[in-house]
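Presented below is the structure to which this report refers.
Below, each value reflects all heavy atoms present in this structure, side chains not excepted, and no hydrogens, waters or symmetry copies.
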Amino acid sequence: MQRAAASKIRAFQKEVWGYYRLHKRGFPWRKTKNPYRILVSEIMLQQTQADRVVLKYKEFIKKFPNLRALSKASLKSVLRAWQGLGYNRRAVHLKTIAREVTVRFGGKLPSEKEILMSSPGIGQSTAGAVRTFAFNKPEVFVETNIRTAFIHFFFPKKQKILDSDISKIVEVALDRKNPREWYWALMDYGAMLKKAHGNAAARRSAHYARQSPFKGSSREQRSKILKMILGEKISTKKLLAKTGFSKQILAHHLADLSKEGFIRRSGNYFIVSK
DNA sequence: GTCCAGACCG
DNA sequence: CGGTCTGGAC
């Protein structure tokens, strides 16, 4: 497909808006245009089901109501608030962004795409989402629900579809008068398709990668270690006993977690970094 | 077992 | 480019 026919685009828009009118989802981050709250939601929603984010989002906003508050908070308190979401490094990213924005921009999140994308944990998709939902800018971005929606409708038989090809149609189909709601509608429509047809469409993306099992993985081991360190000041010896990991495995993860800015050694103990 | 409003390193 | 990262839902 070189260029989706204009009539096909219109049919798609009609289908998506029609679905949205009857089945729109009401998430707390859809009730605000506050850039900080939008940012928190978008970071939380990376690779994490929306339903699972709702409660954590509310608690996080309550505890850290703005960038300045988050900037002042300890990393430990932020990581504790993050427990249960996964991808703990996202919490570190958010805190880093909060500090940067507080120092450089007086606590006001910039809307420029280049500045957003130069921040840790913000890539193409998250920058586009923040600009769309907080600033109502007509951005072009692709995430998993959008990918599913466009593949299902515009590439019904094709395999190994590139995001760059999807983006071209996203741009043409974009509602420039109301990008915020258009993207909500797209995501709701894509999420519905996934429930109805499973992951069949997403598997035809060139960027699709099946996830390896979590059980028994190094990811599971890391999270176990970090959780223990978040709970109390804990010696290396006690970590060894409580995790049941080998000395080599434990040392490996402790080195990684230190390098990534989660923890630091303090004598015979490991504690959360500042 | 497989997935999720992706980002980032090598 | 591929590999990796979290943890709960189903």
Grab the CZ-C1' distance between A:Arg203 and B:dT2 for me, whole Å please.
7 Å
Pair A:Phe12 + A:Phe154: ring centers closer than 6.0 Å
yes
Contact under 4.0 Å: A:Asn199 side-chain N or O vs B:dC3 OP1/OP2:
yes
Could you check whether A:Arg90 gets within reach of a base, just the sugar-phosphate, or nothing at all, counting any heavy atom under 4.0 Å?
nothing
Which is true for A:Tyr208 with a 4.0 Å heavy-atom rule: it touches a base, it touches only sugar-phosphate, or it touches nothing?
sugar-phosphate
Donor-acceptor contact below 3.5 Å, side chain A:Thr132 vs main chain A:Gly128
yes
Output all residues satisfying side-chain hydrogen bond (donor to acceptor under 3.5 Å, both in side chains) with A:Ser111, sequence neighbours left out; order by chain, then residue number.
none
Quick one: label A:Ala50 by what it contacts on the DNA or RNA (base, sugar-phosphate, nothing), any heavy atom closer than 4.0 Å.
sugar-phosphate
What base-paired stems does DNA chain C take part in, with at least 3 consecutive Watson-Crick or G-U wobble pairs and both distances under 3.5 Å?
B:1-4 with C:7-10, B:6-10 with C:1-5
Measure from CG on A:Leu85 to C1' on C:dG8 and round the result to the nearest Å.
10 Å
Select from A:Ala206 and A:Glu260 the residue whose nearest nucleotide in DNA chain C is closer to the 5' end of that strand.
A:Ala206
Within residues 185-193 of chain A, find the residues that approach DNA chain B with a heavy atom at under 4.0 Å, and present them sorted by residue number.
A:Met187
Which residues share a side-chain hydrogen bond (donor to acceptor under 3.5 Å, both in side chains) with A:Arg30, sequence neighbours left out
A:Asp188
Excluding sequence neighbours, so at least two apart, what forms side-chain hydrogen bond (donor to acceptor under 3.5 Å, both in side chains) with A:Asn136?
none
Taking syn as any angle within 90 degrees of 0 and anti as the rest, which one fits B:dA7?
anti
What are the atom names and distances for every N/O pair under 3.5 Å that joins the protein to nucleotides 8-10 of chain B?
{"from": "B:dC8", "atom 1": "OP1", "to": "A:Gly121", "atom 2": "N", "distance (Å)": "2.3"}

Rounding to a whole Å, what distance do you find between A:Lys194:NZ and C:dA9:P?
19 Å
Grab the CD-P distance between A:Gln49 and C:dT6 for me, whole Å please.
17 Å
Flag this pair as yes if the NZ/CZ of A:Lys8 is under 6.0 angstrom from the six-membered ring centre of A:Phe153 and inside a 45 degree cone about the axis; otherwise no.
yes
Give a yes/no answer on whether the side chain of A:Thr126 brings an N or O atom under 4.0 Å of OP1 or OP2 in B:dA7.
yes
Specify the separation, in whole Å, of atom CD1 of A:Ile43 and atom P of C:dT6.
15 Å
What's the closest nucleotide to the side chain of A:Asn88 if the choices are B:dG6, C:dT6, B:dA5?
C:dT6
For C:dT6 and A:Arg222 - does any side-chain N or O of the residue sit under 4.0 Å from the phosphate oxygens OP1/OP2?
yes
Any base atoms under 4.0 Å from A:Trp184, or only sugar-phosphate, or nothing? Heavy atoms, all strands.
nothing
Just call it for A:Ser218: base, sugar-phosphate, or nothing, with non-hydrogen atoms closer than 4.0 Å on any strand.
sugar-phosphate
Does A:Arg147 reach a base, just sugar-phosphate, or nothing at all? Heavy atoms under 4.0 Å.
nothing
Would you say A:Gln47 places a side-chain N or O within less than 4.0 Å of OP1 or OP2 belonging to B:dG6?
yes
